[in-house]
Amino acid sequence: MPTTRIVFQLVVQRVAVLSLHTSPLAQPGSGDSGGMNVYVRELSSALSHAGVDCTTFTRRTSAEQPDVVQVEPGHRVVHVTAGPFDLPKEQLPSILTEFGDAVRDHLRGDFPADVLHANYFLSGLVAHRLKHELDLPFVSTFHTLAKVKAEGGDTEPEWRHRAEMEIIACADAICVSCTEEESQFRRLYGDPKGRVEIVAPGVEHAFFAPGDRRGARRALELPFDAPVLLFVGRIQPLKSPDVAVRALALLARPDALLLVVGGASGTEGDHEVAHLQALVDELGLTQQVRFVPPQPHHILSTYYRAADVVLVPSRSESFGLVALEASACGVPVVAAGVGGLLTLVDHGETGYLVPDRDPALFAHYAREIIDHPSHAAALGARGAVRATRYTWGFAAARLRRLYADLGVRERVACG
Ligand code: UDP
């Protein structure tokens, strides 16, 4: 007997991604450009491959930027003029209305959307307004939160805290990247019932995969037989590159090298670079530390493959893409035991977690890895297998379900 099956398909066709303060097209690794840029670009790409049309709105920061960059079919970046090109990040609150007006006009005109997805609290404030004006569901990914930063010793102004509370009260869904970030969120911000969603970021395995260490070292003109430690990230106090330098000193291996890949970031970035260079000189490590300017994202795989160990000593980390990329390349990670790094690094299995960012412990675990190559290979191999859990395709699939669900859920009514 023939059966009739009714299939309900809830599909969101078009997403407006808000990334006001930094463009997904910017080079990550310095200034305001880091994991969030990679996240926005890779997720939009994966969503568009799955048939979701993605338009990312970002603030124009130079006259050369075209109005629209068509990244690939169904994925474009729109540069929105709002305020002077060189407006410092701290002054961006003054242009939120102008930016919001322009995005609203695009959404009513050439780039309509079914859902708003805001990245970082500045975009969240704009989305909060547009949700009500355009009657659209609103998803927020904070990437960093003031109270989380404060716990790591980096304080943010009170108005940012209030802004984040407003967004939390209005967002129809709040994306966090892992269970650790979720429990941190609930501990610090309470329990917005049914609205916190775990969307784990991914890694592009086509690029970040285990490879030939000798080949990578040849490409980077590094010696074959010296231990190589690697730090990758924006240079600012939050990332604690000084701990990596101190760990190198405590390793007491004059043949070891530390590569520091990245550039100054944030208001204290330049000061941190100067401080780091002074520390290197003071500890007599000038010949052992190489500063490398920010590298195109996919090129970084060569740096990971060249390394014996990747150090991630951050004060706080909502996820920690660098740790994931290193693992995907089969390299053991020694990381601070904070935030998403607690989820990404399996202590003793794929690398090591260090409490209190103790440089002596970073050095101890780095030595453990350098002195025991077969143990290091086992850590790296398990890390690479573990990293296969994370892909941008999985992340996009999770978001597609969330967007579709929001289309039929009752919206959060905020004040
Ligand atoms: N990155 C890069 N080139 C660089 C330095 C960093 O592409 O020279 C990328 C890196 O691959 C990672 C991101 O910047 O994807 C940093 O993300 P993470 O989550 O580690 O730190 P965040 O910047 O979000 O604090």
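Side chains included, hydrogens not; waters and symmetry mates left out as well; all remaining heavy atoms used. Order of appearance sets the numbers: ligands from 1, and atoms from 1 within every ligand. The shown structure was predicted, so the numbers you read here are calculated from the model rather than taken from an experiment.
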Evaluation steps, side-chain contact (heavy atoms from CB on, under 4.5 Å), between Glu72 and Ser48 = CA-CA 8 Å; Glu72 56 199 320; Ser48 68; 3.9 Å; yes
Neighbour count >12 (heavy atoms, 6.0 Å) for atom [atom1], [X]:
X: Gln287; atom1: CD; result: no
X: His298; atom1: NE2; result: yes
X: Asp371; atom1: CG; result: yes

CG of Leu238 to CD of Glu268: how many Å apart, nearest 0.5 Å?
->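 It comes to 10.0 Å.
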Could you go through ligand 1 and note, for every N or O atom, any protein N or O atom closer than 3.5 angstrom, writing the atom names and distance to 0.1 Å, or 'none'?
| unit_1 | atom_1 | unit_2 | atom_2 | d |
| --- | --- | --- | --- | --- |
| ligand 1 | 3 (N) | Pro28 | O | 3.3 |
| ligand 1 | 3 (N) | Gln295 | O | 2.8 |
| ligand 1 | 7 (O) | His297 | ND1 | 3.1 |
| ligand 1 | 8 (O) | Gln295 | N | 2.7 |
| ligand 1 | 8 (O) | Gln295 | O | 3.4 |
| ligand 1 | 11 (O) | His297 | ND1 | 3.0 |
| ligand 1 | 11 (O) | Glu325 | OE1 | 2.7 |
| ligand 1 | 11 (O) | Glu325 | OE2 | 3.2 |
| ligand 1 | 15 (O) | Glu325 | OE2 | 2.6 |
| ligand 1 | 17 (O) | Gly35 | N | 3.3 |
| ligand 1 | 19 (O) | Leu321 | N | 2.9 |
| ligand 1 | 20 (O) | Leu321 | N | 3.4 |
| ligand 1 | 20 (O) | Val322 | N | 3.1 |
| ligand 1 | 21 (O) | Lys239 | NZ | 2.9 |
| ligand 1 | 23 (O) | Gly35 | N | 2.8 |
| ligand 1 | 23 (O) | Arg234 | NE | 3.0 |
| ligand 1 | 23 (O) | Arg234 | NH2 | 3.4 |
| ligand 1 | 24 (O) | Gly35 | N | 3.0 |
| ligand 1 | 25 (O) | Arg234 | NH2 | 2.7 |
| ligand 1 | 25 (O) | Lys239 | NZ | 2.6 |

Arg14 side-chain N/O to Cys54 backbone N/O, donor-acceptor pair under 3.5 Å =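 Side chain of Arg14 to backbone of Cys54, a donor-acceptor pair under 3.5 Å: no, none is there.
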